[in-house]
Trainee: 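Structure provided below as structure tokens; questions to follow.
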Number of protein chains: 2
Amino acid sequence: MAEKQLRRSLAILPMSTVMALTDLSARQIRYYETQALVHPARNEGNRRRYSLNDVDRLLEVKDGLASGMDFATMRRLYAKTHQVESTQLESKRLSDERARHLLEAEMQQLAGMRPPQSGLQQHL
Amino acid sequence: MAEKQLRRSLAILPMSTVMALTDLSARQIRYYETQALVHPARNEGNRRRYSLNDVDRLLEVKDGLASGMDFATMRRLYAKTHQVESTQLESKRLSDERARHLLEAEMQQLAGMRPPQSGLQQHL
DNA sequence: TCTTTCGTGTCATAAGTTCTGACATGAAAG
DNA sequence: CTTTCATGTCAGAACTTATGACACGAAAGA
């Protein structure tokens, strides 16, 4: 259970990749973070590292904005469906070996287990 | 068909992430590239961007070395089983929308369709 | 045993990437 | 008319990655 959440939450993507994947500007992505809509991990050098969960969330936010939804609403909406958002790969609590294990498992199930909303499932 | 290969080949990971995922040093990863064992894409700034395929390949190389196999052998071995190794996300030939589409599809099937060797499937 | 070749470590220098904070602005809300 | 929003853009600092070079223990060859 806790595993299933960890799988999608390995922080592996840098800002540039997320920008390309979501077609959002760095400014937008960081702003959504100030609005508590995403919580990327940070590497040792303080650089943001996004998880698949984060990318998904950003796409949801993008959709929400497009359909006139406001941040407060989205914030409330997300608060109920998710808890663990991202896990630092460099974390002392998770060995590389274990991290790989989780990443693989996650990729196996990335699709088909999320509610019919927006996000990776619909966009990707 | 060509799609299935593209899915695993989106170049989305920076060196630091690959290092963490494979537990290899940057030096090793670059050296294996000079040995033609991996062919990461490059972003506009000439930074390497690895795909899931690349990470997988690196883990195979790591295994191969551990079991005494030499690069020439691995090179020959890989030459027969793979062609398209990675696709630049920023490529003019692939829109972001499409890239997401492929990434998702790939993640759905990442496991369960590769020969019983080493690599992500076994390690992760 | 002496000499290469291998696979890596480590340094230095240059250049690309990302971070934070600040100023600016058109659009929407009051 | 005045705020508030969501973004753009800039600047300076700090982090990351790139390439090339020198070094070296271990393995392979002569």
Side-chain angles (χ1 to χ4, degrees), chain A residues 11-51 54-55 57-78 86 88-90 96, chain B residues 11-51 54-55 57-78 86 88-90 96:
Chain A
I12 58 178
L13 309 173
M15 177 60 85
S16 56
T17 294
V18 176
M19 289 171 67
L21 246 27
T22 62
D23 196 37
L24 290 171
S25 68
R27 184 73 168 81
Q28 290 176 299
I29 296 172
R30 297 196 196 102
Y31 183 61
Y32 300 160
E33 184 180 341
T34 70
Q35 298 306 304
L37 291 170
V38 268
H39 307 287
R42 298 280 184 139
N43 68 5
E44 290 178 28
N46 195 43
R47 266 53 203 170
R48 273 169 265 252
R49 282 298 176 265
Y50 298 84
S51 66
D54 294 323
V55 173
R57 170 62 59 80
L58 287 170
L59 289 170
E60 292 181 8
V61 171
K62 188 181 177 185
D63 266 21
L65 279 180
S67 48
M69 197 179 299
D70 62 83
F71 290 162
T73 302
M74 291 191 264
R75 203 159 26 229
R76 256 178 281 116
L77 186 63
Y78 302 150
S86 83
Q88 291 188 58
L89 202 54
E90 298 85 347
D96 286 353
Chain B
I12 57 177
L13 310 173
M15 178 58 86
S16 57
T17 293
V18 176
M19 289 171 68
L21 247 27
T22 62
D23 197 37
L24 289 171
S25 68
R27 183 71 168 82
Q28 291 176 298
I29 296 172
R30 296 195 196 104
Y31 183 61
Y32 300 161
E33 184 180 341
T34 70
Q35 299 305 303
L37 291 170
V38 267
H39 307 287
R42 298 278 185 141
N43 68 5
E44 290 178 27
N46 195 43
R47 265 52 203 172
R48 273 170 265 252
R49 282 299 176 267
Y50 298 84
S51 67
D54 294 323
V55 173
R57 169 64 59 79
L58 287 170
L59 289 170
E60 292 180 8
V61 171
K62 188 180 177 183
D63 265 22
L65 279 179
S67 46
M69 199 178 298
D70 62 83
F71 289 162
T73 301
M74 290 191 264
R75 205 161 22 231
R76 257 179 280 116
L77 186 64
Y78 302 151
S86 82
Q88 290 187 59
L89 201 55
E90 298 85 345
D96 285 354

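Letters go in sequence order (proteins before strands), and every chain restarts at 1.
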Trainee: Quick one: CG on B:Asp54 to OG1 on B:Thr22, what's the gap to the nearest 0.5 Å?
Mentor: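 Result: 11.0 Å between the selected atoms.
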
Trainee: Please check this pair: side chain of B:Asp63 against backbone of B:Glu60, looking for a donor-acceptor N/O pair closer than 3.5 Å.
Mentor: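 Absent.
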
Trainee: Polar pairs (N or O, both sides) under 3.5 Å between protein and nucleotides 19-25 of chain D?
Mentor:
unit_1 : atom_1 : unit_2  : atom_2 : d
D:dT19 : OP1    : B:Arg42 : NH1    : 3.2
D:dT19 : OP1    : B:Arg42 : NH2    : 3.0
D:dT19 : OP2    : B:Arg48 : NH2    : 2.3

Trainee: With a 3.5 Å distance limit and no angle check, can you tell me whether B:Arg47 reaches the backbone of B:Gly45 through a side-chain donor-acceptor pair?
Mentor: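 Yes; at least one donor-acceptor contact below 3.5 Å.
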
Trainee: Any idea which heavy atoms bring B:Arg75 and B:Ala36 closest together, and the distance?
Mentor: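 Nearest pair, atom of B:Arg75 first, then B:Ala36: CD-CB, 3.8 Å.
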
Trainee: Please report, rounded to the nearest Å, how far the C1' atom of D:dA18 is from the CD atom of B:Glu44.
Mentor: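 One finds 17 Å between C1' of D:dA18 and CD of B:Glu44, rounded.
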
Trainee: Not counting sequence neighbours, which residues clear side chain to side chain donor-acceptor pair (under 3.5 Å) with B:Glu33? List them please.
Mentor: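 With sequence neighbours excluded, B:Glu33 shows a side chain to side chain donor-acceptor pair (under 3.5 Å) to B:Arg48, given in chain and number order.
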
Trainee: When rounded to the nearest 0.5 angstrom, what is the spacing between CD in A:Gln28 and CG in A:Leu58?
Mentor: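 If we round to the nearest 0.5 Å, A:Gln28:CD and A:Leu58:CG are 10.0 Å apart.
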
Trainee: Working to the nearest 0.5 angstrom, can you tell me the gap between A:Leu65 CG and A:Ser67 OG?
Mentor: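 Nearest 0.5 Å value for the CG-OG distance: 8.0 Å.
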
Trainee: So how far off straight is the helix from C:dT1-D:dA30 to C:dG30-D:dC1, going by the axes through five pairs at either end, to 10°?
Mentor: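 It works out to 30° between the end axes.
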
Trainee: I need the minimum non-hydrogen distance between B:Ile12 and A:Pro14, along with the two atoms involved.
Mentor: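 Shortest heavy-atom separation between B:Ile12 and A:Pro14 comes out as O-CD, 4.0 Å.
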
Trainee: Of all nucleotides in DNA chain C with an atom under 4.0 Å from a non-hydrogen atom of chain B, which is the first and which the last going 5' to 3'?
Mentor: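 Nucleotide range in contact with chain B: C:dC6 to C:dT17.
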
Trainee: So, taking the atom named OH in B:Tyr50 and the one named CG in B:Leu21, what distance separates them when rounded to the nearest 0.5 Å?
Mentor: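 Separation between the atoms: 12.5 Å.
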
Trainee: Can you name the closest pair of heavy atoms from B:Met74 and B:Gly64 and give their distance?
Mentor: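 What the structure gives for the nearest pair is SD-CA, 4.0 Å.
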
Trainee: Output all residues satisfying side-chain contact (heavy atoms from CB on, under 4.5 Å) with B:Ala66, sequence neighbours left out; order by chain, then residue number.
Mentor: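 Result, side-chain contact (heavy atoms from CB on, under 4.5 Å) vs B:Ala66: none returned.
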
Trainee: Closest-nucleotide mapping onto DNA chain C: is A:Pro14 or B:Ala26 further toward the 5' terminus? I mean the 5' end.
Mentor: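 Whichever sits nearer the 5' end wins; that is B:Ala26.
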
Trainee: On a heavy-atom basis, which atom in A:Met19 and which in A:Ala26 lie closest, and how many Å separate them?
Mentor: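 Of all heavy-atom pairs spanning A:Met19 and A:Ala26, the closest is CE-N, 3.7 Å.
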
Trainee: Could you measure the distance from the OH atom of A:Tyr32 to the NZ atom of A:Lys62? Nearest 0.5 Å is fine.
Mentor: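 It is 8.5 Å, given to the nearest 0.5 Å.
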
Trainee: Take the protein atom CG of A:Leu37 and the nucleotide atom P of D:dT7, then report the distance between them rounded to whole Å.
Mentor: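 After rounding, the gap between these two atoms is 11 Å.
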
Trainee: For nucleotides 2-6 of chain D, print each protein N/O atom paired with a nucleotide N/O atom at under 3.5 Å, atom names and distance only.
Mentor:
unit_1 : atom_1 : unit_2  : atom_2 : d
D:dA6  : OP2    : A:Tyr31 : OH     : 3.1

Trainee: For B:Ile29 and D:dA18, what is the distance between atoms CD1 and C1' respectively, to the nearest whole Å?
Mentor: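 Nearest whole value for this atom pair: 14 Å.
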
